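Below is one structure; the comments refer to it alone.
Model, not experiment: these values are computed from the prediction. To find a chain, count down the sequence lines: A is the first, B the second, and so on, and within it residues start at 1. Atoms considered below: every heavy atom in the structure, side chains included; atoms not considered: hydrogens, waters and symmetry mates.
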Amino acid sequence: MHGQSLDVFLSQISGFLGSYYIFLALMTGVAAYLLWQRADSRPLFRLPGVDFPVTPAIVWLLVSLGFVLIASLAYSGGPDVMAWISIPTAVRAGINWVMNPTIYTLGTLVLLGIAFLLRRFLVKPWVAWSLLNVALLLMGMSMTDPNFFNIVGKPDNVPIVAMVFLLGFFTWLAAYRAVQNDDRLRQGLEPLEKLDSEKVLVWPDLVYTELICMVALTAVLLFWAIALQAPLEEPASAVKTPNPSKAPWYFLGLQEMLVYYDPWMAGVVLPSMIIAGLMAIPYIDFNKQGNGYYTIDQRKFAYIMFQIGFLVLWVTLIVMGTFLRGPNWNFFGPYEIWDAHKVEALNNVDLSEYFWVTLLGSSRPKAADDAGELTKILVALKRESPGIILVIGYFTMVPPLLVVLSKFFQNLFIRMGFIRYMVMANLLLFMMLLPIKMLGRWTINLKYFISMPEYLLNF
Amino acid sequence: MPATESTWRNTKLLHHIFAVSGVVLTISTIWMLYKDHVRSWKTYQSNAVNIDLKMTKMRQEQYETGDALVEHNRLAAALVTAQAQPAPAELLSQFQSQLESLNKAIAEISQHHAYSEIAVDFRYIENTARRLDELAKAAQEKRQTATAAIAAADKAAGDSSLSAEDRTKLEDAARKADREATAAEEKAGAVRAELIGYLQTAVAHARAREDKALGIRKFKSADVDAAKANLDIAIRDNLSAAERQNREKDIQRLIEEPNKGLAALTDVYQTLSAGRKRLEATLKAITAPVEKAKKAHEDSVAELDRLRKQYADDKETYFQLSLQYPFVFGKKITTLPIIDAFNSVWKIENLWSEDLVHKYGSFSEVRRFDRCTTCHQSMQKSQPGAPTEPLYVRDKEFLVTLTPPPKDAPPVPRRDAYGKPLPL
């Protein structure tokens with residue numbers, strides 16, 4: 001794949017790409033068939049002149065035929081023909097130029113906000129199905145780009161691509177059920193889960209189905225292993241470090257955090273806080289509603305916090321680490337070639353430097369070389385005092401400030417009591433430290449709030 | 001407890017789905033084993049092994065051709081002839097005189113040490129040598145007669161003037177003469193072996209006395225080393241001069257004591273060793289022609305033995321009978337599916353180039369690896385004696401044009417020296 005001309009690349013992937021579109025055609029064809037089977041399918045509109053009812057089934061049938069047509073173009077393998085089913089070069093270049101960590105992360109956050117606000121519309125099956133097909137179509141059109149294909153088509157990354165779609169599906173499923181339950185609850189009805197609340201037999205209803213799933217999944221994995229073989233590289237050498245040197249996908253979130261935080265913080269403290277926070281949830285969550293059924297309206301705060309923490313601060317970082325971080329951990333657009341010689345003009349400045357040097361126009365306090373240990377510690381503390389005050393203030397002052405400024409947090413404080421409220425607030429503040437730090441790095445090139453490398457303490 | 005005994009899902013449908021998924025899993029497992037096991041390079045390696053086996057077999061057969069057999073038989077006959085030769089008289093008398101002088105030295109030594117002379121019956125040696133001379137002479141004459149008879153028979157075979165009966169008579173006479181000559185040689189060889197055996201016994205006795213002298217000397221040497229260490233300790237501990245002197249005297253005594261000191265014992269050992277070595281050298285000179293013929297004969301079959309062993313080692317079978325591990329299973333068992341994951345005889349050969357890199361995998365520069373020799377086996381082998389010529393070459397076709405002779409000028413048959421037409 002590497003170092004090949006575009007013609008050769010396109011002819012090599014034409015078989016796969018054509019089959020991919022055939023799969024999409026089958027998928028939408030099956031959807032059209034299922035819709036056609038449903039008796040309650042109302043026509044969307046009628047064709048003027050012939051009075052032909054255009055139902056959703058017809059629409060998806062046409063989409064399916066469209067995919068078949070695209071598949072035929074893909075099977076051709078010719079660059080001129082495949083240009084019709086590719087994202088235009090100018091658009092790709094524009095995406096590459098625009099894409100950077102700031103826009104990616106903030107964009108994800110904004111998208112999540114929009115998705116939350118418009119959830120009632122977006123969870124509708126036809127909307128979700130349409131979005132899925134658009135996403136798959138865009139991915140197919142992107143795969144004619146060699147740089148994009150090299151990343152998503154790498155056997156190691158294929159399961160991650162699949163997981164992204166699976167994650168989208170299950171997020172939609174949960175949100176859909178939650179919206180349905182919210183609507184039912186608003187009407188005074190019971191949630192859907194309570195309709196089928198009778199107990200069932202472990203065998204066969206639970207274990208037999210699990211066994212079937214295990215057999216089927218094992219077969220799928222075997223077929224997958226035969227079709228997509230792992231890229232075997234040379235034997236590992238202690239003197240050769242791969243570039244980029246990436247952690248497994250489940251640690252890429254932490255590896256991304258390492259860009260912004262000291263290894264102690266990113267690798268130990270923050271992951272420990274995640275686990276501690278998860279363990280603390282049963283003790284600080286006083287909301288008795290929403291147990292045993294999907295809901296958003298009854299657990300808005302928990303839902304939003306979870307989705308920010310999971311989707312934005314974990315999954316998007318994994319996606320970024322997998323697909324958008326290249327050699328030297330530089331950020332590369334989805335259609336950008338991974339050039340090991342690319343250099344970004346980045347500088348990192350500690351908060352203490354901003355305070356002492358930029359703001360006060362003096363040098364940072366420094367103890368004499370022959371000063372005593374206590375003196376050195378005190379001078380270091382003085383030097384980092386702005387950061388220390390900021391961090392202490394962040395953890396101690398912000399929670400009461402939230403109570404004063406927000407009725408919601410006021411209510412939380414009253415319901416939870418001081419200790420539980422402070423625990424919850426501090427856990428939230430720890431979580432928000434990550435995006436705050438990221439913002440600080442992108443905007444003012446902030447490195448550390450507190451930087452005491454002489455004592456291995458950086459925050 | 002469940003509300004009813006009825007199942008939540010349709011059990012019959014579950015059975016169908018389970019059956020289908022089970023079949024799919026079986027197919028995928030078999031396909032996985034197939035894809036893992038059936039690799040094109042295994043055929044090439046298997047073929048390469050078979051080609052090498054055939055080559056070894058052909059080389060073995062080369063030793064069974066007429067020329068090789070004739071040479072081997074000639075060397076065997078030369079060995080028998082060498083074994084029937086008389087022992088050189090001057091070497092025998094040299095051996096005897098060396099033995100006598102050794103016994104004389106032993107007699108002197110035994111005045112102070114417990115050594116006995118080497119008992120050798122010189123008359124027996126002389127009688128046996130005389131007997132050998134006679135037998136060797138008789139064998140030599142018989143061999144000459146046999147050689148002449150064989151030559152006559154060979155000549156008669158090409159003489160068309162003689163009748164078949166005469167030729168048969170000459171052949172029978174040649175065979176009989178050859179048998180008699182071989183029997184005479186074997187008889188002479190047996191006597192020679194007896195004589196050499198007796199001489200070797202004498203040498204063995206000399207060796208035993210030498211080893212005894214060495215053993216006695218070793219104990220004395222250990223005493224001297226201990227005394228020297230005591231002196232070193234005295235110097236280290238700064239003991240009195242008198243003590244140091246005493247210890248020096250001990251060392252001197254141990255070395256210089258008459259007949260029992262280290263110097264005396266070393267003399268005894270060296271005398272016995274020199275005597276033994278002289279005897280051995282003389283014996284070696286006596287047996288030199290036989291050893292030479294024996295080596296030539298063994299060398300003629302050594303290569304054949306090596307090829308046989310190589311064939312047995314390279315052969316790949318599923319089962320075998322062997323006293324060595326794994327006793328019953330052959331090498332080819334390791335090529336079976338699943339088992340071939342554990343140290344199979346057929347392997348992919350990865351050649352990693354040090355400085356030649358290319359982009360692969362995680363977009364990094366990795367060393368380029370070549371697996372060409374996995375299939376292209378035996379590329380490095382060359383023809384014997386011609387290191388730049390490949391051993392195995394691709395077969396090539398060439399055109400042979402045979403021009404038949406014209407009808408009015410048929411070809412004349414070739415004839416040998418006796419006028420007999422030679423076959424094509």
Side-chain angles (χ1 to χ4, degrees), chain A residues 1-4 147 150-151 154-157 196-227 229-237 240-246 322 325-328 330 332 337-340, chain B residues 1-41 337-338 341 347-371 374:
Chain A
M1 293 285 173
H2 299 274
Q4 290 173 333
N147 300 318
N150 283 339
I151 300 167
K154 187 180 164 207
D156 282 355
N157 290 345
D196 295 320
S197 61
E198 65 176 272
K199 291 184 171 52
V200 296
L201 295 164
V202 167
W203 177 274
D205 296 315
L206 174 67
V207 182
Y208 199 7
T209 49
E210 285 175 343
L211 176 64
I212 291 170
C213 283
M214 184 185 78
V215 168
L217 269 173
T218 307
V220 165
L221 282 175
L222 286 176
F223 283 126
W224 188 339
I226 294 167
Q229 291 170 5
L232 271 181
E233 299 180 19
E234 60 174 300
S237 168
K240 267 178 84 79
T241 307
N243 184 16
S245 186
K246 287 193 180 178
T322 306
R325 286 289 188 191
N328 308 316
N330 273 324
F332 291 87
I337 191 166
W338 280 18
D339 187 357
Chain B
M1 292 295 290
T4 66
E5 286 300 315
S6 63
T7 60
W8 181 258
R9 301 181 204 279
N10 183 341
T11 312
K12 204 170 169 187
L13 179 62
L14 284 180
H15 288 326
H16 289 146
I17 295 171
F18 181 56
V20 168
S21 60
V23 168
V24 169
L25 179 61
T26 307
I27 292 170
S28 67
T29 306
I30 293 170
W31 189 23
M32 175 196 73
L33 290 172
Y34 169 79
K35 290 290 276 187
D36 183 57
H37 179 71
V38 176
R39 315 292 288 274
S40 57
W41 53 266
I338 299 174
K347 292 182 181 41
I348 292 178
E349 292 176 21
N350 278 325
L351 304 173
W352 297 98
S353 62
E354 274 301 323
D355 299 318
L356 205 58
V357 294
H358 69 306
K359 275 193 191 308
Y360 185 71
S362 61
F363 305 95
S364 59
E365 299 280 323
V366 299
R367 282 186 292 171
R368 192 180 290 275
F369 52 88
D370 281 324
R371 294 178 178 155
T374 302

* Closest approach of B:Thr11 to A:Pro204 (non-hydrogen atoms, all atoms of both residues) -> OG1-CG, 4.3 Å
* If a pair satisfies side-chain hydrogen bond (donor to acceptor under 3.5 Å, both in side chains) and one of its residues is in residues 203-225 of chain A, list it, with sequence neighbours excluded. => A:Tyr208-B:His15
* Structure fact -> B:Ser21 and A:Ile212 have their tightest heavy-atom pair at OG-CG2, 4.2 Å
* **CG (B:Leu13) with more than 12 external heavy atoms under 6.0 Å** => yes
* Asked: Using non-hydrogen atoms only, which part of B:Thr29 is less than 4.5 Å away from chain A: side chain, backbone, both, or neither?
  -> both
* Structure fact -> Sequence neighbours excluded, the answer for side chain to side chain donor-acceptor pair (under 3.5 Å) partners of B:Ser40 is none
* Asked: Do B:Leu25 and A:Leu222 touch side chain to side chain, with heavy atoms closer than 4.5 Å?
  -> yes
* Crowding at NZ, B:Lys347 (>12 non-hydrogen neighbours, <6.0 Å) -> yes
* Structure fact -> Rounding to 0.5 Å, atoms CD1 (B:Ile17) and CG (A:Leu211) come to a distance of 12.0 Å
* Asked: What do you reckon, is CD1 of B:Ile348 surrounded by more than 12 foreign heavy atoms closer than 6.0 Å?
  -> yes
* Write down the atom of B:Ser6, the atom of A:Leu201, and the distance for their closest heavy-atom approach. => O-CD1, 4.4 Å
